[in-house]
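Just follow the structure's listing: the first ligand is 1, and inside any ligand the first atom is 1. Heavy atoms only: backbone and side chains are in, while hydrogens, waters and symmetry mates are out.
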Amino acid sequence: MEQIFALFTIFLAFAFSGRCSDVFSRSDFPDGFLFGAGTSAYQWEGAAAEDGRKPSVWDTLCHSRNIGNGDIACDGYHKYKEDVKMMVDTGLDAFRFSISWSRIIPNGRGSVNQKGLQFYKNLIQELISHGIEPHVTLYHYDHPQHLEDEYGGWVNNMMIKDFTAYADVCFREFGNYVKFWTTINEANVFTIGGYNDGDTPPGRCSLPGKNCLLGNSSTETYTVGHNLLLAHASASRLYKEKYKDKQGGSIGFGLYLMGFTPSTSSKDDAIATQRAKDFYFGWFLGPLIYGDYPDTMKRTVGSRLPVFLEEESERVKGSSDFIGINQYFAASVTNIKFKPSLPRNPDFYSDMGAYVTYLGNFSVIEYAVAPWTMEAVLEYIKQSYNNPPVYILENGTPMTQQKDTHRVEYMHAYIGGVLKSIRNGSDTRGYFVWSFMDLFELIGRYDYGYGLYSVNFSDPRRKRSPRLSAHWYSDFLKGKTPFLDSQGIKELQSNFSPSS
Ligand code: IFM
């Protein structure tokens, strides 16, 4: 692979030399800026019932709805050394992965599974010894099923204590080597998907026509959001009191943010766009930065929106050293008064009063190259939330071709957008491609193809192969890609052999 990258690089340098005015390279980014790629436990590890791991709500949802599952996934549990080698070849600074709570504490609380701990210790050592920074997420859609059965999981505030105890184990066992912790991945869409719509784990809702056995879309979405914030604040406080001095790491909170834009120039759509920002961004950023929910939400959701006690508000405010952002696409917003799907049962969308449509080619499920969406999100966060440190924890587009030219254009443009935002004052400190390799997608299926590396899921060995984008990213990371214009893209493609 090394040799192929070298040849490829010489070709790029020759083909692109001196041709572009809009040039940027990784050396334009501030010192210490991290470039990486990511996966998550259930989507990558497999070994679902191995070495003492017990099911999470994600396992249960997949098996009960028969939508495919992560039982084997990429088999990262067994192939992690091979994968770390690929990360080194690619030139990643950092690898983002999540820890499976039920692998290290199978029942969610109580006894710790030594074999589970050992897996993560091995993975972290493998990364560190190869100079790759572990960027660790504690929760990515997958709390232990046992806690869901026992008391309803996140709808119950007992989760705050159990999550904090789980985080304590992680900080204690891995914290000497892990400097970046994200407590909760994309808290907003996890909550909307899992408790309003019921499509993603744990699959709770009360909307008609959905497949949910339990749930209440009017209330649980907000209760869960509240408990996530309190659990994050509690884990963050524990880290600061017990570990930060010795370990010197930082703790962040993750959100999924779209570049909202009004669908027309009408005043109503402009107001609806601000409401959408309050509901998707402010719902969590308001409490994290200012200690309370946005007024729009308080007004509309009323008594269904939990209230922070003064001491809770103080604890949540300032509890994130950084904001983790998953950013994929632009979305247009239209003002609309939704009738709740069930009379007198408002849900997240009818509360928000806005219709959000995503911009992109959905017939082939590829996201449009719209880097302004990233710039708009970063600018909004800078201006509205006191410019906190930000890590882009996920950015990418699905597409299955090995010659994934569209993804190369997409990544090039979005990375350029991040650079522009930094030059405009955003405190963005890292960028992670989603995903390092193809993996099991959130609502089932293996055929989305988010990966820089494709994975042959029909092959028991789960063979990985670099896509064009892996080559491009590698060259960029090694400071060798001078620029990318349409001619450059053509040459990049023609030099690429899918078998390389
Ligand atoms: O694969 C998912 C990931 O688990 C969470 N963020 C969005 C990705 C793409 O859908």
What about Gln43: any of its N or O atoms under 3.5 Å from an N or O on ligand 1?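 Between Gln43 and ligand 1 (N or O atoms, distance only) the closest approach is under 3.5 Å.
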Under 3.5 Å, N or O to N or O, is His140 touching ligand 1 that way? yes
Is there side-chain contact between [X] and [Y], with heavy atoms separated by less than 4.5 Å?
| X | Y | value |
| --- | --- | --- |
| Phe29 | Thr428 | no |
| Ile67 | Glu441 | no |
| Tyr391 | Tyr431 | no |

Centre-to-centre under 6.0 Å for Phe432 and Phe35, is that the case here?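 Judged by ring-centre distance (under 6.0 Å), Phe432 and Phe35 do not meet the cut-off.
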[atom]: which protein heavy atom is closest, and how many Å away?
| atom | answer |
| --- | --- |
| atom 10 (O) of ligand 1 | Glu441 OE2, 2.7 Å |
| atom 5 (C) of ligand 1 | Glu186 OE2, 3.0 Å |
| atom 7 (C) of ligand 1 | Glu394 OE1, 3.2 Å |

4.0 Å heavy-atom contact, Tyr328 with ligand 1: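 Right, Tyr328 reaches ligand 1.
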Donor-acceptor check, side chain of Ser426 to backbone of Lys382, threshold 3.5 angstrom: yes or no? no
For ligand 1, indicate whether the residue Trp434 contacts it via side chain, backbone, both or neither (heavy-atom separation under 4.0 Å). side chain
Would you please test Phe97 and Phe436 for ring pair (Phe, Tyr, Trp, His ring centres under 6.0 Å) and show each step? CA-CA 10 Å; Phe97 62 95; Phe436 182 57; over 10 Å; no
